[in-house]
Each structure stands twice: as C-alpha cells, then as structure tokens.
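In what follows, chains carry the letters A, B, and so on, assigned in the order in which the sequence lines appear, proteins first and then strands, with residues in each chain numbered from 1. Below, each value reflects all heavy atoms present in this structure, side chains not excepted, and no hydrogens, waters or symmetry copies.
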2 protein chains.
Amino acid sequence: MTLPVAIGIDIGGTNLKIALVDGGGRIIAKRARPLDAARGPGSALAEAGDLVGRLLAEAGLKRGDAVGAGVGSPGPLDLRTGVIIRSVNLPGWRNVRIQASLADRLGLPVVLDNDANAAAYGEFWVGAGREGGDLVMLTLGTGVGAGVILDGCVLHGHFDNAAELGHMIVVVDGLPCPCGQRGCLEQYASASAVSRRVEAAIRGGEESRLGATVKKGEGIDARVVAEEAAAGDELCLRIWNEACTYLAIACVNIQHAYNPGIIVLGGGMSEAGSFLIDRVDEQLRRRTWSLCEDLPTVKRADLAYDAGVIGAAGLAWRRSRSIGQ
Amino acid sequence: MTLPVAIGIDIGGTNLKIALVDGGGRIIAKRARPLDAARGPGSALAEAGDLVGRLLAEAGLKRGDAVGAGVGSPGPLDLRTGVIIRSVNLPGWRNVRIQASLADRLGLPVVLDNDANAAAYGEFWVGAGREGGDLVMLTLGTGVGAGVILDGCVLHGHFDNAAELGHMIVVVDGLPCPCGQRGCLEQYASASAVSRRVEAAIRGGEESRLGATVKKGEGIDARVVAEEAAAGDELCLRIWNEACTYLAIACVNIQHAYNPGIIVLGGGMSEAGSFLIDRVDEQLRRRTWSLCEDLPTVKRADLAYDAGVIGAAGLAWRRSRSIGQ
C-alpha cells in the first residue's frame, strides 16, 4: 500500500523547491532547482511539472496517489483567480495564471497562497505552532515576510493581502522602503537590513571588526553580524539589538492586533537561535502592557527552510479534507 | 403580530444604555441611565433587569418576544466564562459573572463581548460597513477602542483580547500610557489625548485662543480643539494634524495587518466629520505603499452613540440565528 501524499511547491526568487508530503506533514521526498525567473513563468512551470513527475516516480507513486498540490509564491497574488499579479522577486512575471496552468499540467487540484502564508501554515501544522492556537510567523530574510493563522485558517483579508507585517510602520518618517513607505519594519529587522545597516555605519566611519571585510567590498550577512555581536563587537551589537527592539515593538503590535498564542520567528536571522529569540522576548516583556496577561510565546521556527513546501502541501491536504467532509 | 427583538445592553463607565432592536437593526425603543460603577455590579445588574422589563412593557412585548440579549462591556473579559475580569472604567468590578447573572435575571440567552467589538459589529451590521467586507473600527473617545470584523465574525484571538489597537505602539519610547507601555496610539489620537496635549502645551507657555480658558482651569474637549483648529488656531491645528497623522500610521498598519475593505472612525473625535476623515485619508494615501492597490476606505461611523447597543443586539441576533440553523 502506498501512502497518499500532497505536493508542496515553493517558488522563490532564486530556487524552485518541491516536496511530497504525507498526511502527517512528513517529507517523503524533496528536490530543489535553481530558478531563473528571467526565463519566464512558462519555463518554471515546465520545470515544476518535470520535477513532480520525477519525485513521484522515484517514490514509487502514481499521480493518483497525490491528493493535490499547494503552491507558495511571492506576491501580490489574486487568490480568487489563482494569479501572480507581479513580484519584486520574480522580475517580468505579470498576471501569471499559476493555479490553472499547474492544475492542467499536473492533472491535480492546485491551491495557491503567498509564500510567507504557506510557511506560517507549515509551522502551525507540524512546526513550532503544532500544539495549536492562533499563530503569527515572521520570516526574517531579504525582507520580513509574515503569515497569520487564526482558527486554523490563513488570514487573507478583503484584498488577499493581509499579514504584510514587514510593512508595518515602526518609525514615523523613518528609513525609506522600496514599497514606497517610510519606516517599515523590514528596513530595521530583516536579515538584509541588519547587514546593510552595519555596512552603512562602517562606510560612515564607525569602528567594527567587520571594517576590513566591508572596506574590501566583501559582502557580510546577518549570521556574521550576529556572531560578531555575540563576540562583543559594539557596532554589530548595537545594530543587532536595535533589530531585536523593533521586532519586539512589532510583537507588541501583533499581540494587540491578533492576540495570538504564539509568534514564530524564522528566516536567516533566526539561525542565531536564542541570541535572537531571548533578546526579542526580553524587550517584548519590557515593552508590553501590564493590563492583562496575554503575552504570546516567542519561538524559533522549527521547520527551517522546509516550512514553505510543507505548508504549501498542508494547504493542499486541508483543501482535500474539507472537500472530503 | 409583534416583531421579535433582541436586547442590546451597553455598559459604559458613566452610563447604562439599553435598546430593543429588530432583526433589521432598527431601534424599537431605547433608554439610558447614569451608571454609578462604585455602587457595584449587583446594583447595575438590577438596574439593567428593571430597564429591560420597562422597555418591553412599553413596547407591548413579552419576554418571549426577545430572542436574547447582547452585552457590550469594557474589558478585559473572559468570553468563555462570560466574566468581566476588571476594567479601568468600572473601578472595583472584579471577576463579575455578567453573562450568567444577566441570563438568570432576564430568563434569556445572553452573549457578552467587549464594548468596542460590539460597536464595530453594529457598524458592520447596519452602519458604515453594511455593504459588506472585512471592517476595522476605531472609537476615538477617552481612549481608542477597536473592533475587527473578519468574514462576518468578531476577531477575539487566543486570549479573547484581539483588536486592542489603541495600544498599538506608534512612537518607540513615546508618551507613557497607563497600560504600562510607551507610545500607544491612544496617547496621541484619542479625543482625550488631543485636548490633554493642547492643555499641556498652553501650560508650557504656547500661544492659543484656548489659552484663557485653560488658564482659568476650565476643561476643553476635542470638539473645541477641532473648531479652533478649523478657525486657524495654530496650536490646535498642529495637535489635531498630529493626531490625524498618527491615525493614518495606524490605518497603514491596519491595512497591512488585516487588509480590510473599510476602516470606520467613531467616538468623540469623529464628530469633526470631514475635518477628521479627509485629513486621515490624505495622510494614509501619502504614507501607504505603492506595491498594490489595497487601500481601505476610511469612513465616519454611521450609528453615532447607538453603535454599541445596536451591535450588542446584533450579536444576540447572530447567536439566535446560528442556533436556529
């Protein structure tokens, strides 16, 4: 007897990831390939179809053993029509009918959602939030992605664009963001923002152990900043702590907006583990209200870079089960 | 034939308001009485039972003509047990079993919710949001109350305390709030905050046409500040515009958090009409992102001070209909 699976597809700016996931959220098989967004969506769709076929064959499964596929994609998306409207991470992709095209190609029902929503659903289903309750996830990577799960459902809102928490304004008239706003959370507390702010300070003349690296024009990342901060580099520690403070402010606002049981932090910055989580949690406790005890638990993501494919597959599982009811 | 009604009860810090509301959200009869919170919840409950009896009798209705009662109360509340945990506006009230006590007294099913949630539900049901879609309401009064309606349901969250948007932090390390936080929205953009900030500036030596009034120790309110701002008083205009700017920042954050179709502004400040709404809307358009078109419509509340009783009755109607299904 072969187990039924759902197919999880994670479309990223640089990678296409596909996994077969069983009904308990376990990955049966997975594969990633570089995605050249510039070659257009047709090429990526063909690649996805090809990869799914191979994975099923290697696992000894037939197409009929799959209950459906879930796709996590950068947005904005139109969920009613299953279309990628456009994306800063997928240059040139405009009004891509991803859901219908994949459904045709795979011969399976396809559910589409935002990549950060899919990751949040993965953590809710079998990751850091698996013990239940409403959950908010922030993915601290190039930007700050976010997903909100309320009563077991992904929050979409009236325009399908809810939970864009990376664009919560945390500093009035603050740093400009490519989105057109000023003072967005992701200008202070994404992995990219942290390394960018350290680089800018060094170029502005501040001392740091990363000075030589930056002046040679070599790139640094949030992991290196966290390591140097932990080792006592003052500049790195200041920028890291500022990021943690803004994340704590965001957590206070998330607490009062959705009142979730848990806030999950994932993405590149979360690789710092307790050096991130403990600092955010300490600032959250210091900055939240004392009116009542409704503090969410801040946890590190459990599923690392598989949250997206697992969550996308989870959404396909959820769809198949709700239809089965 | 007598129409069935639901009973809406709005418990305020200074007033108890009760209305009989038909299935279309129309008030059949209503009555308000001063509430002396210091006399304790027992006295208020007796008063409520008495008022309900009188209203029904005057309308020629029997208890059996009522489908149930809804209560909007200041919180924090425990919605599972129907208890007012405590409230800054109801001093001395602690762990009041309001739902069970009222159900006993009235002989009717009772549903309890936060006063701001009830008002938001009223505006969603038959007020500014009646044309449908997700809605967020901010009530700009003594503080900033808020309610969020998603897919026709009041958002409660894991701890029953969602949508406390008056305590969204809009200024890191900003003005202290009695809740224990700093920089809460309601320190900048409630009706009380606006008059308090004008008073403080005058006492600090700033010029204003309200100078003499304040120096005599006479109170001013947000209505007077709005009038003087509209008439060109520089101090009043500056404080009013700052409040509008912080409300716009809050609207941007609400847009990205819930992505609602509509944001309703009610409470004392909303009496200024377009002098509030147009300014908030202009700042919102200036400060929101350009990535996609998902701007919520900002509207003035429709139901004025009846939103609470109508919404509370609406929640009772909703409960009776869902049980009837």
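Using a 4.5 Å heavy-atom cut-off against chain B, the contacting residues of residues 131-140 of chain A are Gly133(A), Asp134(A). Using non-hydrogen atoms only and a strict 4.5 Å limit, no part of residues 235-245 of chain A faces chain B.
Between the CD atom in Gln187(A) and the CZ atom in Arg196(A) there is a gap of 5.0 Å [rounded to 0.5 Å].
Interface remark: Val148(B) contributes no atoms to any contact with chain A (heavy atom separation under 4.5 Å). For chain A, the nearby part of Pro260(B) is the backbone; its heavy atoms alone come within less than 4.5 Å. With a threshold of 4.5 angstrom between heavy atoms, Leu291(A) approaches chain B through its backbone and through its side chain. Both the backbone and the side chain of Ile169(B) come within less than 4.5 Å of a heavy atom of chain A. Using a 4.5 Å cut-off between heavy atoms, Arg86(B) contacts chain A through its side chain alone, with no backbone atom that close. Heavy atoms closer than 4.5 Å to chain A are found in the side chain of Leu155(B), but not in its backbone.
Most heavy-atom pairs under 4.5 Å with chain A: of the set Ala163(B), Ala250(B), Gly183(B), this distinction falls to Ala163(B). Chosen from His156(A), Gln181(A), Gln255(A), the residue pairing most often with chain B at heavy-atom distances under 4.5 Å is Gln181(A). Counting heavy-atom pairs under 4.5 Å between each of Gly180(A), Pro296(A), Gly261(A) and chain B puts Gly261(A) at the top.
The side-chain heavy atoms of Phe124(B) and Val154(B), taken from C-beta on, include no pair separated by under 4.5 Å. Side-chain atoms of Asn259(A) and His158(B), non-hydrogen and from C-beta on, never get closer than 4.5 Å to each other.
With respect to the salt-bridge test (charged N to carboxylate O, under 4.0 angstrom), the residues Arg287(B) and Asp173(A) qualify.
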